[in-house]
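See structure below.
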2 protein chains.
Amino acid sequence: MSSLKRIDVDHLKVSCKECNLRELCFPHGMSDAELLNMDAVVDQPKPLHKNDFLYRDGDSSRAIYAVRSGCVKTMTESANGDEQIVGFHLPGELLGLDGFAEGVHTCNALALETSSVCELPLNQLENLCHVLPGLQKQMRRIMGKEVNNDHKLLLLLGKMTAEERLASFLLSLSSRMEERHWKDNEFNLSMPRQDIANYLGMAVETVSRLFATFQNEKIIDVDRRHITILDMQRLKAIVGECDTEL
Amino acid sequence: MSSLKRIDVDHLKVSCKECNLRELCFPHGMSDAELLNMDAVVDQPKPLHKNDFLYRDGDSSRAIYAVRSGCVKTMTESANGDEQIVGFHLPGELLGLDGFAEGVHTCNALALETSSVCELPLNQLENLCHVLPGLQKQMRRIMGKEVNNDHKLLLLLGKMTAEERLASFLLSLSSRMEERHWKDNEFNLSMPRQDIANYLGMAVETVSRLFATFQNEKIIDVDRRHITILDMQRLKAIVGECDTEL
DNA sequence: AAAAAGATATGACTTATGTCAAATCAGAAC
DNA sequence: GTTCTGATTTGACATAAGTCATATCTTTTT
């Protein structure tokens with residue numbers, strides 16, 4: 001143990017090639033040769049502590065980021081100080097596209113827990129896109145995904161009841177857990193109730209009550225931040241996915 | 001007049017170079033030489049009639065589009081048939097990015113009135129980006145803009161009251177009118193009340209009532225679809241833009 | 001021009017959720 | 001371990017906005 005102490009784990013670089021998130025991340029669909037190119041430009045800064053900002057509204061946009069571990073939330077701020085969380089970013093998910101319009105970020109990005117990210121510097125992105133044919137396509141895919149994601153959220157906020165929103169949120173997390181080959185019916189929430197409420201456009205109290213309701217109805221089990229989905233079908237039924245069984 | 005009749009106005013191609021929307025559109029910041037390249041690949045299909053679809057959810061994504069005249073709305077559809085309008089696209093504004101993620105559109109795009117669009121085919125986009133250094137950057141700008149726009153909408157749906165939403169909507173239209181060098185305090189709505197309500201996540205009746213309220217308070221004048229903003233400051237005050245005067 | 005269909009407006013009433021207040025619980029700091 | 005602070009839960013009550021019903025006005029169809 002005393003000798004291990006000298007390994008600075010913060011600076012062990014994980015290569016894209018070795019990373020088990022690579023298929024969810026920038027390198028999606030890239031060849032081994034292309035992966036080496038990615039590795040050469042991807043930077044891995046020191047981990048963020050809980051409540052550290054990755055970037056803030058107004059910061060000039062230097063890079064796009066991929067979460068490697070932990071969870072990062074992004075939120076917009078209105079003129080009168082209201083804040084709306086627009087995304088919770090899990091490992092393998094990207095953020096920073098908000099800076100593309102004007103070269104300046106229009107969101108705050110904040111670590112919900114100790115988190116590490118990979119950085120793809122924008123000044124290298126341009127060149128890299130010329131060298132790696134796959135990357136340009138992947139960039140478009142990523143941006144399309146962000147847009148589609150936002151659209152789903154708009155539908156959620158515009159048309160769904162509180163109950164449907166929370167069910168929808170849990171299902172979204174569940175399917176993202178599955179993508180990562182983690183348990184899709186049992187996971188920990190990295191965000192407080194307040195953040196869930198904000199994200200879903202409702203009051204904290206409503207989130208609390210709905211968790212209690214779902215628990216009473218044996219749809220989920222809630223223990224603090226630990227969620228177990230007991231009846232996936234009923235959860236899906238709530239949001240109106242009509243497939244009774246696949 | 002009898003001789004003019006033979007000119008097929010639908011097929012008169014407007015070059016990017018001549019287009020007075022160019023600075024809002026793809027060609028933003030391009031040189032004259034670059035504009036010629038754009039012209040070579042930009043297609044101008046026949047105008048859409050009111051209620052024609054430009055594309056539908058599930059269609060394979062062939063191009064991105066710029067509105068040249070009229071107005072096109074985009075909307076997402078949920079599994080249970082709910083529909084959420086996610087954008088009203090005015091001349092010079094782009095749409096079609098929703099198809100970037102999977103090569104398939106995830107929105108419906110529908111003309112609210114007779115409208116014409118320009119098409120930038122995706123298969124040409126790739127090559128064009130290599131030739132035109134400005135275009136790749138512009139593509140990123142466009143996508144960033146879309147993301148930022150969606151974030152603003154999320155804030156609106158998540159945090160604002162009905163009154164704030166409608167005021168916000170009117171101000172957004174107003175500033176977009178100004179961008180186009182049209183009157184910013186007097187314009188026609190191309191969408192029915194029902195669409196405004198859907199977009200803003202409220203009931204039609206609420207939109208009606210709020211228009212009546214704003215009118216009574218002499219903030220705006222409403223005549224059918226014709227809106228006159230009488231007191232821009234108060235409208236801004238409603239959404240909480242704290243700048244009493246610039 | 002009349003009739004039909006659709007869009008908009010307005011009133012009466014209901015309800016999903018928000019707000020306020022208080023109690024409980026968990027984790028951090030000392 | 002005790003205290004303190006912040007997170008979560010729960011209850012009582014208030015309200016913004018939805019729903020339903022009806023009337024009016026516009027536009028399209030015949």
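Proteins come first, then strands; the chains are lettered A, B, ... in the order of their sequence lines, and each starts at number 1.
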Is it true that B/E93 and B/K145 make a salt bridge, defined as a side-chain N closer than 4.0 Å to a carboxylate O? no
Starting at the 5' end of DNA chain D and moving along, which residue's nearest nucleotide shows up first, B/A162 or B/K50? B/A162
Which of these nucleotides, C/dT10, C/dA7, D/dA7, is closest to any side-chain atom of A/P192? D/dA7
Does B/R193 have a side-chain nitrogen or oxygen under 4.0 Å from the phosphate oxygens OP1 or OP2 of C/dA9? yes
Could B/E77 and B/R56 be called an ion pair, given the rule that one side-chain N must be under 4.0 Å from one carboxylate O? no
Choosing from C/dT10, D/dT10, C/dG18, which nucleotide comes nearest the side chain of A/M202? C/dG18
Check the phosphate of D/dT8 against A/R225, side-chain N and O only, distance under 4.0 Å to OP1 or OP2. Yes or no? yes
Report yes if a side-chain nitrogen or oxygen of A/T206 is closer than 4.0 Å to either non-bridging phosphate oxygen (OP1 or OP2) of C/dT17; otherwise report no. no
Take the protein atom CE of B/M160 and the nucleotide atom C1' of D/dA17, then report the distance between them rounded to whole Å. 17 Å
Rounded to whole Å, the NE2-P distance (A/H226 to D/dT8) equals 16 Å
Taking only the side-chain heavy atoms of B/R224 (C-beta and beyond), determine which of D/dA7, D/dT26, D/dA17 contains the nearest atom. D/dT26
A/S208 has its side chain closest, among C/dG18, C/dT8, D/dT9, to D/dT9
